[in-house]
Structure formats: C-alpha cells, structure tokens
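Take a look at the structure below.
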Amino acid sequence: MNEFYQMPLFVKLKVRNIEKSKEWYANVLNFTSVFDFPDANGKTSMTHLRGAKYQDLMLLKDEEVNASDSVIINLFSNNIHSIYQAVLENETKIIQQPTVQPWNAKELTIEDPDGHVFTITESVDSNKDFDTVIDNVKGQL
C-alpha cells in the first residue's frame with residue numbers, strides 16, 4: 001500500500017492516452033500508480049502516479065493537449081544512468097543528453113509522449129556544501 005500524506009505541491013498534466021502515459025512513466029521514470037479515478041463509464045479519467053516521496057503527478061485524460069515549453073518539471077534521481085537507459089529503450093525524445101552542470105548536477109532533459117518537458121537531476125558530489133557550489137557557478141552563467 002502506498003503511503004498517504006498531504007502533498008505540499010503536485011503537478012497535473014493533461015494527456016491524450018492515460019494507459020500509454022502510465023506505461024511511459026512506469027518504464028522511463030519508474031513511477032507507480034497510486035490510484036486511478038474512473039469516469040461515469042468506468043474508464044480511467046485521472047490517475048495519481050508517484051516516483052519518490054513527494055514526486056506526485058496527476059494525469060488527466062483530455063483530447064486537447066497543449067504542452068508548453070514554458071514549464072519544465074524537475075525530478076531528482078539517485079540514478080540518472082538507469083533513467084537514461086530507459087529513455088533510450090523507450091524511444092523517448094531527448095532534449096539534452098546527460099550533462100554535468102556547474103551547479104553540481106548532472107542533468108538529462110526529455111519529453112513525455114504528450115510533449116511535457118522533464119529535467120532529471122542527479123548530484124555530482126553530495127559532499128559539496130551550498131556556498132562551494134554557488135562560488136563555482138558565479139561567473140559561469
């Protein structure tokens with residue numbers, strides 16, 4: 001059973017095909033289904049997915065999906081390599097290959113099947129403190 005908690009923030013995404021999207025989120029980002037909400041005909045109209053704790057998404061079935069590049073959803077991962085392998089295996093659109101950034105992160109940016117953009121982030125050196133990371137970034141952007 002999934003842990004119940006009040007979600008301090010979560011994202012709702014419109015998708016054309018809930019089952020296809022659920023499969024993609026499971027295969028690529030390792031999200032699991034918490035609960036499916038049926039419509040009046042018993043078909044899934046909304047699903048609650050979860051990655052790590054507090055990485056909650058709601059997928060809403062909609063015929064009209066207009067994903068925007070003005071919103072990028074960032075997910076922290078402890079194993080960006082396994083996500084990258086899943087991205088390749090599932091023929092996911094890659095916007096940016098895994099790249100080490102000056103802010104002590106390796107990042108991979110991808111699109112889900114409906115065009116929603118995700119950046120997967122992994123710490124490069126978890127022993128670096130905030131001030132050291134900021135000092136490294138200054139002047140590089």
Side-chain angles (χ1 to χ4, degrees), residues 1-138 140-141:
M1 177 161 194
N2 289 302
E3 177 184 0
F4 174 78
Y5 53 80
Q6 293 295 319
M7 296 177 290
L9 175 72
F10 64 94
V11 177
K12 291 182 178 180
L13 299 174
K14 291 181 179 180
V15 298
R16 290 177 192 87
N17 184 320
I18 290 235
E19 294 307 319
K20 178 181 175 185
S21 292
K22 277 176 56 175
E23 184 178 329
W24 184 88
Y25 281 93
N27 292 341
V28 175
L29 298 180
N30 202 30
F31 274 59
T32 58
S33 180
V34 174
F35 189 79
D36 289 337
F37 299 89
D39 62 15
N41 299 320
K43 293 191 175 200
T44 302
S45 61
M46 182 170 81
T47 189
H48 178 173
L49 302 178
R50 180 172 292 154
K53 189 171 185 176
Y54 302 121
Q55 289 182 335
D56 292 87
L57 292 174
M58 297 284 186
L59 303 183
L60 308 169
K61 175 148 180 28
D62 200 322
E63 301 300 319
E64 300 273 333
V65 176
N66 297 308
S68 167
D69 65 356
S70 65
V71 175
I72 299 171
I73 301 165
N74 204 87
L75 296 173
F76 180 80
S77 171
N78 287 318
N79 192 345
I80 201 168
H81 178 74
S82 67
I83 292 175
Y84 182 61
Q85 290 306 310
V87 161
L88 296 174
E89 291 167 10
N90 288 273
E91 301 177 1
T92 298
K93 180 177 178 184
I94 298 172
I95 296 171
Q96 178 187 305
Q97 297 285 333
T99 305
V100 174
Q101 303 292 356
W103 46 88
N104 192 40
K106 182 184 280 188
E107 295 183 342
L108 163 67
T109 303
I110 59 176
E111 276 188 13
D112 81 353
D114 289 286
H116 303 291
V117 178
F118 287 80
T119 295
I120 315 306
T121 301
E122 179 180 76
S123 292
V124 174
D125 181 352
S126 59
N127 294 317
K128 284 188 179 179
D129 63 43
F130 182 77
D131 291 332
T132 302
V133 171
I134 295 303
D135 287 344
N136 188 47
V137 172
K138 287 180 182 174
Q140 292 194 32
L141 299 178

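Sequential numbering from 1 along the given sequence is applied to the chain's residues. Worth saying up front: this structure is predicted, and the values here are computed from it rather than measured.
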task = Return yes if some donor-acceptor pair links the side-chain N/O of Glu122 with the main-chain N/O of Leu108 below 3.5 Å, else return no.
result = no
Correct closest heavy-atom pair for His116 and Lys14 would be NE2-O, 2.9 Å
- Task: Answer whether the closest heavy-atom distance between the side chains of Asp114 and Ser21 falls below 4.5 Å.
- Result: yes
Heavy-atom closest pair (Pro38 atom, Ser45 atom, distance to 0.1 Å) is C-OG, 3.9 Å
In this structure, CG of Leu49 is separated from CZ of Phe10 (nearest 0.5 Å) by 12.5 Å
Separation between CZ (Phe35) and OG1 (Thr47), nearest 0.5 Å, reads 9.0 Å
CG (Asp131) and CG (Asp129) are apart, to the nearest 0.5 Å, by 5.5 Å
Tightest non-hydrogen contact, residues Ile120 and Leu29, listed as CD1-CD2, 3.6 Å
Quick one: are Ile95 and Thr119 in side-chain contact, heavy atoms under 4.5 Å?
no
Taken to the nearest 0.5 Å, the spacing of Met46 CE from Ile18 CD1 works out to 8.5 Å
What one should report as the nearest heavy-atom pair of Glu19 and Thr44 is OE2-OG1, 3.9 Å
What one should report as the nearest heavy-atom pair of Val117 and Glu111 is CG2-CG, 4.0 Å
Looking only at heavy atoms, the pair that brings Asp125 and Asn104 closest together is O-ND2, 2.8 Å
### Query
Between the side chain of Glu107 and the main-chain N/O of Thr121, is any donor-acceptor distance below 3.5 Å?
no
Lys/Arg N to Asp/Glu carboxylate O, Glu63 vs Lys61, below 4.0 Å: yes
- Query: Hey, are the side chains of Ile73 and Leu13 touching, using non-hydrogen atoms and a 4.5 Å cut-off?
  - Reply: yes
With sequence neighbours left out, the residues meeting side-chain hydrogen bond (donor to acceptor under 3.5 Å, both in side chains) with His48 are Asp56
- Message: Counting only heavy atoms not in Gln85 (residues, nucleotides, ligands), do more than 12 fall under 6.0 Å from its CD?
- Response: yes
Original post:
Could you go step by step and tell me if Tyr25 and Phe118 meet the ring pair (Phe, Tyr, Trp, His ring centres under 6.0 Å) rule?
Top reply: CA-CA 11 Å; Tyr25 281 93; Phe118 287 80; 5.8 Å; yes
Practice task
Please check if atom CZ in Phe130 has more than 12 non-hydrogen atoms from other residues, nucleotides or ligands closer than 6.0 Å.
Solution key: no
Between the CG atom in Asp36 and the NZ atom in Lys43, the distance rounded to the nearest 0.5 Å is 13.5 Å
CD of Gln97 to CD1 of Ile110, rounded to nearest 0.5 Å, is 11.5 Å
Q: Spell out, as yes or no, whether a donor-acceptor pair under 3.5 Å connects the side chain of Asn90 to the backbone of Thr92.
A: no
I'd like to know if the side chain of Arg50 and the backbone of Glu3 have a donor-acceptor N/O pair within less than 3.5 Å. yes
